[in-house]
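Below is one structure; the comments refer to it alone.
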2 protein chains.
Amino acid sequence: MATLKYSRQREAIKEYLAKTKEHPTADTVYMHIREQYPNISLGTVYRNLNLLVSQGEIIKINCNDSSDRFDGNPEPHYHFICNECNRVMDLEMESIDHINKIAGAGFEGKIEGNVTFFHGLCPDCNKGDH
Amino acid sequence: MATLKYSRQREAIKEYLAKTKEHPTADTVYMHIREQYPNISLGTVYRNLNLLVSQGEIIKINCNDSSDRFDGNPEPHYHFICNECNRVMDLEMESIDHINKIAGAGFEGKIEGNVTFFHGLCPDCNKGDH
DNA sequence: TCAATAACAGTAATTATTATCATATTATAC
DNA sequence: GTATAATATGATAATAATTACTGTTATTGA
């Protein structure tokens, strides 16, 4: 497979994702990187995001939202999405991988994993702050 | 709010979803209903699917697939998607709602629910049948 | 039977994402 | 350092899923 060549744009995207806790969409990434590289194209952002996902350096999250979001932390962890403000947050919680065993009981196929996210009210919306 | 009026098309969609175990996409529903109503429009299918979802008569499932799928069974239950053939199946398993409590421990907001689906190899693909 | 209104079919518009392509950058060999 | 080859880029076009619009048709309740 073709060797990966360095690019400032890809580096900037990776750095931005490493810093933020926002779980931004491709479009949000685009708007931020444009501050540093005003000519960057949205296609370049998409291409690099997908590249980084396939390299395992970042992850793509799909919370039934209209567009995919990206997370610079590739370590397995869980996400929460606020029903009110739609913010996506990381959850610090113990693993729930035991649910794979529950799902596998009585299933003829093979359970290899699960995709789970939680929803409700984020700390701010729960307090009534918006 | 406007009163709902009967429509044969909506009824046909509901019946089709009640019968099938396929978890079809809007387009698949469209193709099936066209056998009975050749002039039905895709927009009508989408409008009615969303209507039925908002009435709680069917549910919409999003498995990170390119398009949403629909399930005629609105009772809460879990889904499995095959990594190989992409088929979506119902899982008969006990509730895993206790994971909400696990997620809520140490979280300042309020967990109201979770969206979970499992993936792996379906019974057929697991056996090597394709 | 008729008037009011929701639903329809057909089509255009929108949104997110991917593909194309000529040019610019990066890596490598001399 | 310069030439060569290959990947990455920016600009734009294309695609795919879904939603919005509009004039016509079907359903409802009087």
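Protein chains get the first letters and strands the later ones, always in sequence-line order, with residue 1 at the start of each. Because the structure is predicted, anything quoted here is derived from the model rather than measured.
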To the nearest angstrom, how far is [X] atom [atom1] from [N] atom [atom2]?
X: Leu49(A); N: dA16(C); atom1: CG; atom2: C1'; answer: 13 Å
X: Asn48(B); N: dT19(D); atom1: CG; atom2: P; answer: 13 Å
X: Tyr30(A); N: dT17(C); atom1: OH; atom2: C1'; answer: 14 Å
X: Tyr37(A); N: dA24(C); atom1: OH; atom2: P; answer: 18 Å
X: Met31(B); N: dA17(D); atom1: CE; atom2: C1'; answer: 14 Å
X: Glu11(A); N: dT25(C); atom1: CD; atom2: C1'; answer: 15 Å
X: Asp65(B); N: dT17(C); atom1: CG; atom2: C1'; answer: 15 Å
X: Ile61(A); N: dA16(C); atom1: CD1; atom2: P; answer: 17 Å

Review point. Less than 4.5 Å apart, any side-chain heavy atom of Lys60(B) and any of Asp71(B)?
Key: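 When only atoms from C-beta onward are counted, Asp71(B) and Lys60(B) do not touch, as no gap falls below 4.5 Å.
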Point to revise | 4.5 Å side-chain heavy-atom contact, Phe70(B) and Thr25(B) | key: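 When only atoms from C-beta onward are counted, Thr25(B) and Phe70(B) do not touch, as no gap falls below 4.5 Å.
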Rounded to the nearest 0.5 Å, how far apart are [atom1] of [X] and [atom2] of [Y]?
X: Ile61(A); Y: Ile58(A); atom1: CD1; atom2: CD1; value: 10.0 Å
X: Met93(B); Y: Asn100(A); atom1: CE; atom2: CG; value: 9.0 Å
X: Arg34(A); Y: Asn39(A); atom1: CZ; atom2: CG; value: 9.5 Å
X: Asp27(B); Y: His32(B); atom1: CG; atom2: NE2; value: 11.5 Å

Review point. How do Val45(A) and Phe70(B) order along DNA chain D: which one's closest nucleotide is nearer the 5' end?
Key: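 The residue closer to the strand's 5' end, by nearest nucleotide, is Val45(A).
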Exercise for review: Indicate yes or no for a side-chain donor-acceptor contact from His23(A) to the backbone of Val88(A) under 3.5 Å, with no hydrogens or angles considered.
Suggested key: yes
Pairs: protein N or O with nucleotides 27-30 of chain D N or O, under 3.5 Å:
from    : atom 1 : to      : atom 2 : distance (Å)
dT27(D) : OP1    : Arg8(B) : NE     : 3.0
dT27(D) : O2     : Lys5(B) : NZ     : 3.2

Checking [Y] against [X]: is there a side-chain donor and acceptor pair closer than 3.5 Å?
X: Asn126(A); Y: Glu108(B); answer: no
X: Glu112(B); Y: Asn83(A); answer: yes
X: Thr116(B); Y: Asn114(B); answer: yes

Point to revise | Parallel, tilted or perpendicular: rings of Phe80(B) and Phe107(A) (30°, 60°) | key: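 Phe107(A) vs Phe80(B) ring planes: tilted.
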Check your understanding: Under 4.0 Å between a side-chain N/O of Gln9(B) and OP1 or OP2 of dA9(C), yes or no?
Key -> yes
Practice item. Compare side-chain N and O positions of Thr44(A) against OP1 and OP2 of dA8(D) and report whether any pair is under 4.0 Å apart. Key: no
Practice item. Measure from NZ or CZ of Arg10(B) to the centre of the six-membered ring of Tyr6(B), then state whether that distance is under 6.0 Å and the direction lies within 45° of the axis. Key: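 No, Arg10(B) does not lie over the aromatic ring of Tyr6(B).
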Each nucleotide N or O in nucleotides 18-23 of chain C that has a protein N or O under 3.5 Å away: list the pair and distance.
from    : atom 1 : to       : atom 2 : distance (Å)
dT18(C) : OP2    : Asn50(A) : ND2    : 3.1

Practice item. Find the bend of the helix from dT1(C)-dA30(D) to dC30(C)-dG1(D) as the angle between its two terminal axes (five pairs each), to the nearest 10°. Key: 40°
Review point. Among dT18(D), dT17(C), dA9(C), which nucleotide sits nearest the side chain of Asn39(B)?
Key: dA9(C)
